[in-house]
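Whatever order the structure lists ligands and atoms in, that order sets their numbers, starting from 1. Residue numbers run from 1 in the order of the sequence given.
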Amino acid sequence: MSEYNPSPSRYDGMTYRRCGRSGVLLPALSLGFWHNFGEVTPEEQSRAIVRAAFDAGITHFDLANNYGPQPGAAESRLGKFLHDDFAAHRDELFIATKAAYDMWAGPYGSWASRKHLMASLDQSLERLQLDYVDLFYCHRYDPATPLDETLQALVDIVHSGKALYVGLSRWPLEAARFGFDYLRRHDVPCLIYQGRMNLFDQAPKAEGTLAAAHESGAGFISFSPLAQGLLTDRYLNGIPADSRIAHDPRFLKADMLTPETLSRIHALNDLAAQRGEALATMALSWILHHSEVTSVIIGASSPEQLRRNLACLDSPDFTEEEMEAIQNILNHS
Ligand SMILES: NC(=O)c1ccc[n+]([C@@H]2O[C@H](COP(=O)([O-])OP(=O)(O)OC[C@H]3O[C@@H](n4cnc5c(N)ncnc54)[C@H](OP(=O)(O)O)[C@@H]3O)[C@@H](O)[C@H]2O)c1
């Protein structure tokens with residue numbers, strides 16, 4: 001029997017945004033399981049983060065088959081929490097998973113063939129202890145598999161009832177456009193496109209995937225909205241021992257903290273202070289300021305961090321001068 005009683009006021013403070021032209025509302029902040037849910041993180045720490053998220057109205061959890069370490073561990077961990085804490089709340093949750101990155105040995109353990117996507121989703125459902133996920137993504141573009149094969153597999157997955165919606169992540173513009181069109185023609189419109197968009201990486205704006213998703217009726221969700229922690233106060237004065245760079249430098253490495261990047265972080269931090277908020281708050285609200293964006297997927301290594309990030313929901317709008325000052329910092333510092 002769970003000792004967890006979700007907060008009765010959990011839906012009072014969150015903002016929900018319509019996902020493209022679909023019927024789905026997603027919270028402006030979603031929770032990602034890439035880090036902090038693997039075997040190296042104490043289980044009770046992960047559990048506390050998930051409970052804090054749900055208590056704050058975060059109904060959307062973003063997973064992938066390979067999130068760990070070890071690959072699969074984040075799904076298994078969430079599966080346990082769903083069983084222990086959320087059995088009575090399944091219909092309040094919108095759970096996403098993905099396939100296409102390296103998962104198991106041999107020729108079918110990766111990429112975007114029908115074989116990989118279908119087998120991987122079955123494995124994910126078993127780890128998550130679910131009959132279906134709300135959203136299933138093709139996690140990356142596969143240049144060697146015909147797009148029709150990948151996309152038809154997504155259509156068939158929805159028809160099978162194992163996912164309610166499908167999405168595309170990290171597909172280049174032309175392939176994404178083809179995908180949006182294919183899925184719509186087959187009556188399984190792409191619910192959402194997932195790409196990295198943050199103050200340091202504005203590629204979806206520059207390259208056009210943000211606009212293309214919007215035009216096709218899909219939502220857009222940004223991953224790594226804080227550039228894995230760079231766009232916070234974490235690294236203003238060195239590398240703290242409990243930070244991602246120090247304890248899990250698989251993807252965020254100390255040499256990414258160049259003097260230029262540090263100088264931009266400091267200047268952005270000063271600008272955020274002038275707005276009366278933390279840099280993380282400003283970084284998240286800058287993304288949400290784009291009307292085509294449905295949600296941002298935050299990572300959090302503690303419940304406190306997650307709660308602090310909720311401040312972006314009440315962040316003041318940006319003036320034209322502030323938007324200009326931000327771009328000047330990014331272009332010139
Ligand atoms: N589709 C894809 O290919 C793809 C790729 C990457 C990620 N994603 C998704 O996006 C999610 C989020 O990615 P991410 O973890 O890189 O997101 P992020 O929000 O950019 O970074 C999260 C990290 O920033 C630090 N942080 C967060 N809030 C903070 C605060 N208020 N003050 C100081 N530090 C703070 C924490 O690091 P510390 O550990 O230092 O505390 C935290 O773990 C993933 O979990 C995954 O679901 C998808």
Side-chain angles (χ1 to χ4, degrees), residues 29-38 40-41 45-46 49-50 52-53 58 60-68 73-75 77-78 94-102 112 135-141 167-171 176 192-201 203-204 209 220-254 256-257 265 269 272 277-288 295-312 315:
L29 295 185
S30 301
L31 178 65
F33 284 64
W34 182 34
H35 286 72
N36 309 306
F37 291 89
V40 293
T41 304
Q45 187 179 331
S46 304
I49 296 168
V50 176
I58 295 181
H60 178 32
F61 298 161
D62 183 77
L63 292 100
N65 55 354
N66 61 334
Y67 290 174
E75 288 181 333
R77 199 163 265 197
L78 179 62
F94 204 85
I95 295 172
T97 195
K98 321 184 187 80
Y101 277 102
D102 296 355
L135 171 60
F136 181 67
Y137 285 96
C138 178
H139 204 165
R140 63 170 161 172
Y141 167 69
L168 303 176
S169 177
R170 310 184 91 140
W171 281 36
I192 197 158
Y193 180 92
Q194 185 173 139
R196 179 172 48 226
M197 184 164 118
N198 61 45
L199 281 168
F200 284 160
D201 186 349
T209 42
F220 183 98
I221 191 161
S222 169
F223 70 77
S224 295
L226 299 174
Q228 297 198 59
L230 295 180
L231 287 164
T232 71
D233 59 7
R234 216 56 175 117
Y235 303 104
L236 287 175
N237 302 301
I239 300 176
D242 64 347
S243 65
R244 188 176 292 187
I245 288 187
H247 72 77
D248 188 4
R250 283 175 298 160
F251 303 96
L252 184 66
K253 300 174 195 310
M256 290 156 91
L257 272 179
I265 295 171
N269 190 59
E277 61 192 13
L279 172 53
T281 308
M282 184 176 84
L284 295 173
S285 55
W286 178 85
I287 303 171
L288 291 169
S295 180
V296 295
I297 314 173
I298 55 166
S301 59
S302 68
E304 294 71 34
Q305 228 174 42
L306 181 143
R307 287 189 203 106
R308 283 209 300 278
N309 291 340
L310 297 169
C312 73
S315 190

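Ring geometry for Y67 against H139 counts as perpendicular: the plane angle is over 60°, on a 0 to 90° scale with 30° as the lower cut. The aromatic rings of W34 and F251 are tilted relative to each other, their planes meeting at an angle between 30° and 60°.
In this model, a donor atom of one side chain and an acceptor atom of the other lie less than 3.5 Å apart for S46 and R77. For the residue pair Q194 and Y137, a side-chain donor N or O sits within less than 3.5 Å of a side-chain acceptor on the partner. No hydrogens or angles considered: nothing links the side chains of T41 and Q45 as a donor-acceptor pair under 3.5 Å.
Remark: the backbone N or O of I245 is not paired with any side-chain donor or acceptor of K253 at under 3.5 angstrom. A donor-acceptor pair is defined here as one N or O able to donate and one able to accept, closer than 3.5 Å; such a pair exists between the side chain of H60 and the backbone of F94. In this structure, the side chain of R234 does not engage the main chain of G229 through any donor-acceptor pair within 3.5 Å.
Those atoms of ligand 1 that come under 4.0 Å of a heavy atom in N309, given as number and element, are 27 (C), 28 (N), 29 (C), 30 (C), 31 (N). The contact set between ligand 1 and Y67, taken as ligand atoms under 4.0 Å from a residue heavy atom, comprises 4 (C), 8 (N), 9 (C), 46 (C), 47 (O), 48 (C). Ligand-side atoms of ligand 1 in range of P225: 17 (O), 18 (P), 19 (O), 20 (O), range being under 4.0 angstrom from any heavy atom. Those atoms of ligand 1 that come under 4.0 Å of a heavy atom in R170, given as number and element, are 2 (C), 3 (O), 5 (C). Short contacts between ligand 1 and G229, defined as distances under 4.0 Å to a heavy atom of the residue, involve ligand atoms 21 (O), 24 (O), 25 (C). Atoms of ligand 1 lying under 4.0 Å from at least one heavy atom of S169, given by number and element, are 1 (N), 2 (C).
Selection from R234, R308, R307 by nearest heavy atom to atom 32 (N) of ligand 1 gives R308. The closest heavy-atom contact to atom 15 (O) of ligand 1, among the options H247, R196, R244, H139, comes from R244.
From the protein, the heavy atom lying nearest to atom 10 (O) of ligand 1 is F223 CB, 3.2 Å. At the shortest separation from atom 29 (C) of ligand 1 among protein heavy atoms lies Q305 CG, 3.3 Å. Protein heavy atom nearest atom 12 (C) of ligand 1, with residue, atom name and distance: I297 O, 3.1 Å. Closest to atom 44 (C) of ligand 1 among all protein heavy atoms lies W34 CB, 3.3 Å.
Not close to ligand 1: Y101, with no non-hydrogen atom less than 4.0 angstrom away.
No N or O atom of D242 sits closer than 3.5 Å to an N or O atom of ligand 1.
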